[in-house]
Amino acid sequence: MAAMDFSKLIQLSLFFSLLLLLSFHFKFAESSVHIYPSQPFHDVGNSFLLYGGSEGIFASSRSFIRFENITLWRTNDALFKSRYNGLVQAVIFEASDRNNIGGSAYGGQRSICCTPDLAKLQGCKQGEIIRIPSSHDPKWPLLLRIRFKGKRSFAKMEDTEVLIRKTGIYNLLFISCDPKLKGLQMTGKTVWKNPEGYLPGRMAPLMKFYVYMSFAYLLLSAVWFVQYLRFWKDILPLQHCITVVIVLGLLEMVFWYLDYANFNNTGTRPLALTTWVVTVGAFRKTVSRILILCVSMGFGVVKSTLGGLTSKVLLVGVTYFVASEMLDIAENVGIIDDISGRAKLFLVLPDAFLDAFLILWIFASLSKTLEQLQMKRTSVKLDIYRKFSNALAVMVVASVAWIVYEVYFKATDPFNERWQTAWTITAFWDVIAFVLLCIICYLWTPSQNSQRYAYSGEVDEENEEVQSLTGGKQDGDISLVKLEKNGDSDSEEDVEEDKRE
């Protein structure tokens, strides 16, 4: 087919994906225990800034942000230039109060730190962060001070626990307004906790969601395997593939739940466990797409093998697995702050390109298969493929509509203020994959007539058509043969009588 002209592009995409994978290194799994291993401060405007984290937290007496072993280190050059009490401030603010940090003089460029002009206009203290009290609580945004003393090269912050009394997306910044503290670094960690555990607020609903999805896959597995065992002698190769996808889907949902439950209890995500879950998920998505492609090509129904397309299908499958694995690792395993938005875009592009390519290939193959079934007038198979093509078209339309909504959702919420509903973006794709799998299971469920849907040559397809018209009864065929034989014998007797006369 014409789509196969893109084989070189697929190979290039695989090579590009591998290069990107080698270019990333992941130091820690994403967690609610944010660890700072000698992280440097960066120049931002008229300040030195270190980003401490951002998470959605539900209000409760059990919700907090805790600072543990936070230690600031200044360079020898900074120590030589200024042997006095240098100041660093930690600021915690809710996303809706983001404009309460910093200010501008006469409508000019916004500054984080107080300047002489701003000190006159707003009454802020020069050399410190500009803080405007929140309308909800004048104590917020919250400032915590850390001072260098004398000739010490380090300053240690007292372990502090900040209770969260208002539900929101909270941000933590460490800021120094002292130009002499250039080259500042920080070690230590902060612990962010929600009422029910350490799972970030935007991820908490997904843990319950994976429980429901696990039960859904378990129910589907039970129904499918009952039929599978009842008619195991009539099972088609296609139905073996469906069984593999069901098992992979169940394992993926269970593993995701275990990963999230462990995250919720400990505040960290073990690298090995999360990588394993991501790998199972990427493999499930790959097998599912290859299964749909093979079904669309008529494998096992219109043709016994894929012929020369087998190697190309496998190439697309391997490429999609690598691209999907990379994207999922970047989103779930690595520290999100370590990967820039541009790098994420490069990870999304191969995955999106392959999905679009597969959709085009699937519908092109499906169209050819329908034409072949119409020419052969195999009504039973044609009816199944029409239902399958209609269901697939509905799923594609729903997916495109959801992608548009997802782009709108992220474009209109740059500060993650709708974090409480962000889990639905991820959940939708798991739901639609499950629904499509249920449709495939319904259309190709194991039964005593399973072999009627299998490819068995031109002669068997003609017999299949006769069986569909006679209700599948063999006695009807035998009676027709008998009638033909009786008719022949009667005509022969008439001829003999004529000869005698």
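For the single chain, residues carry numbers from 1 onward in sequence order. Values in this document were obtained by computation on a predicted structure and should not be read as measured data.
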task = Apply side chain to side chain contact (heavy atoms under 4.5 Å, CB included) to the pair Val313 and Ile290, showing each step before the final yes or no.
result = CA-CA 7 Å; Val313 170; Ile290 296 303; 3.8 Å; yes
Any Phe321 side-chain heavy atom under 4.5 Å of Thr279 side chain = yes
message = Quick one: does any side-chain atom of Arg110 pair with a main-chain N or O of Ile101 as donor and acceptor, under 3.5 Å?
response = yes
key: Donor-acceptor contact below 3.5 Å, side chain Thr243 vs main chain Gln239   = yes
request  = Count the heavy atoms of every other residue, nucleotide or ligand shown that sit under 6.0 Å from CH2 of Trp429, and state whether that count exceeds 12.
outcome  = yes
inquiry  = Is it true that, when you exclude Phe215 itself, more than 12 heavy atoms of the residues, nucleotides or ligands shown sit nearer than 6.0 Å to its CZ?
reply    = no
message = Quick one: does any side-chain atom of Asp97 pair with a main-chain N or O of Pro141 as donor and acceptor, under 3.5 Å?
response = no
inquiry  = For the CG atom of Leu248 and the CZ atom of Arg284, what is their distance to the nearest 0.5 Å?
reply    = 8.5 Å
request  = Would you sort out whether Tyr217 and Phe434 count as a ring pair (Phe, Tyr, Trp, His ring centres under 6.0 Å), showing the intermediate values?
outcome  = CA-CA 8 Å; Tyr217 270 99; Phe434 177 76; 4.9 Å; yes
task = Give a yes or no answer on whether the side chain of Arg269 reaches the backbone of Asn332 with a donor-acceptor pair at less than 3.5 Å.
result = yes
message = For Tyr212, is the OH atom crowded, meaning more than 12 foreign heavy atoms sit under 6.0 Å from it?
response = no
task = Measure from the side-chain N and O atoms of Asn262 to the backbone N and O of Leu258, and report whether any donor-acceptor pair falls under 3.5 Å.
result = no
remark   = Heavy-atom nearest pair, Lys166 first then Ser96, reads NZ-OG, 4.0 Å
inquiry  = Using a 3.5 Å distance criterion without hydrogens, assess whether the side chain of Thr274 forms a donor-acceptor pair with backbone atoms of Leu271.
reply    = no
request  = List the atom of Asn171, the atom of Ser54, and the distance in Å for their closest heavy-atom pair.
outcome  = OD1-OG, 3.0 Å
task = Please step through side chain to side chain contact (heavy atoms under 4.5 Å, CB included) for the pair Thr190 and Leu172, ending with a clear verdict.
result = CA-CA 10 Å; Thr190 54; Leu172 170 63; 3.8 Å; yes
message = I want to check something: taking the side chain as every heavy atom from C-beta on, are Val431 and Phe209 in contact at a cut-off of under 4.5 Å?
response = yes
request  = Start with the C-alpha gap between Leu437 and Ser288, add the side-chain angles, then the distance that decides, and say whether side chain to side chain contact (heavy atoms under 4.5 Å, CB included) holds.
outcome  = CA-CA 8 Å; Leu437 180 60; Ser288 299; over 6 Å; no
ask   = Hey, is CZ on Phe67 packed in by over 12 heavy atoms from elsewhere, all under 6.0 Å?
value = yes
ask   = Quick one: do the His240 and Tyr228 side chains pair a donor with an acceptor below 3.5 Å?
value = yes
ask   = Between Arg62 and Glu196, is the closest basic N to carboxylate O distance under 4.0 Å?
value = yes
ask   = So, Arg98 side chain and Ala95 main chain: donor-acceptor pair closer than 3.5 Å or not?
value = yes
request  = Could you verify whether a donor N or O on one side chain and an acceptor N or O on the other, from Thr115 and Gln126, lie under 3.5 Å apart?
outcome  = no
ask   = Salt-bridged, Asp159 to Arg66, with N to O below 4.0 Å?
value = no
ask   = Are the side chain of Ser63 and the backbone of Phe58 linked by a donor-acceptor contact shorter than 3.5 Å?
value = yes
inquiry  = Given the ring of Phe409, does Arg418 sit roughly above its face, with NZ or CZ under 6.0 Å from the centre of the six-membered ring and within 45° of the axis?
reply    = yes
Minimum-distance pair of heavy atoms, taken over all atoms of Ser111 and Leu118 = CB-CD1, 4.2 Å
task = Quick one: pull up CG in Leu143 and CZ in Phe93 and give me the separation to the nearest 0.5 Å.
result = 11.0 Å
task = For the pair Cys241 and Cys294, evaluate disulfide bond (SG atoms under 2.5 Å apart) and give the outcome as yes or no after the intermediate values.
result = CA-CA 10 Å; Cys241 297; Cys294 291; over 6 Å; no
message = Assess, by modelled atom type and distance only, whether the side chains of Trp73 and Ser153 contain a donor and an acceptor separated by less than 3.5 Å.
response = no
message = What's the separation between atom CE in Met326 and atom CG in Asp328, rounded to the nearest 0.5 Å?
response = 11.0 Å
query = To the nearest 0.5 Å, what is the distance between CG (Asn69) and CE (Met186)?
reply = 11.5 Å
query = In terms of side-chain geometry, is the basic nitrogen of Lys285 or Glu325 positioned less than 4.0 Å from the acidic oxygen of its partner?
reply = no
query = If you round to the nearest 0.5 Å, how far is CG of Leu87 from SG of Cys177?
reply = 7.5 Å
Short side-chain to backbone donor-acceptor contact, Asn100 and Ser135, under 3.5 Å = no
key: Non-hydrogen atoms of Cys124 and Ile130 that approach each other most closely   = SG-CG1, 4.2 Å
query = Which atoms form the tightest heavy-atom contact between Tyr320 and Leu354, and what is the distance?
reply = CA-CD1, 3.6 Å
note = The reported gap from CH2 in Trp361 to CG in Leu293 (rounded to nearest 0.5 angstrom) is 5.0 Å
message = Quiz question: by atom type and distance under 3.5 Å, do the side chains of His136 and Glu94 form a donor-acceptor pair?
response = no
ask   = Yes or no on side chain to side chain contact (heavy atoms under 4.5 Å, CB included) for Val316 and Leu314, after CA distance, side-chain angles and deciding distance?
value = CA-CA 5 Å; Val316 172; Leu314 291 176; over 6 Å; no
message = Determine whether a donor-acceptor pair (N or O, by modelled atom type, separation under 3.5 Å) exists between the side chain of Ser32 and the backbone of Tyr198.
response = yes
Heavy-atom side-chain proximity of Trp140 to Ile92 below 4.5 angstrom = yes
note = The single option from Tyr260, Trp423, Trp256 that satisfies side chain to side chain contact (heavy atoms under 4.5 Å, CB included) with Met207 is Tyr260
note = For Asp430 and Met213 the tightest heavy-atom approach is O-CE, 3.8 Å
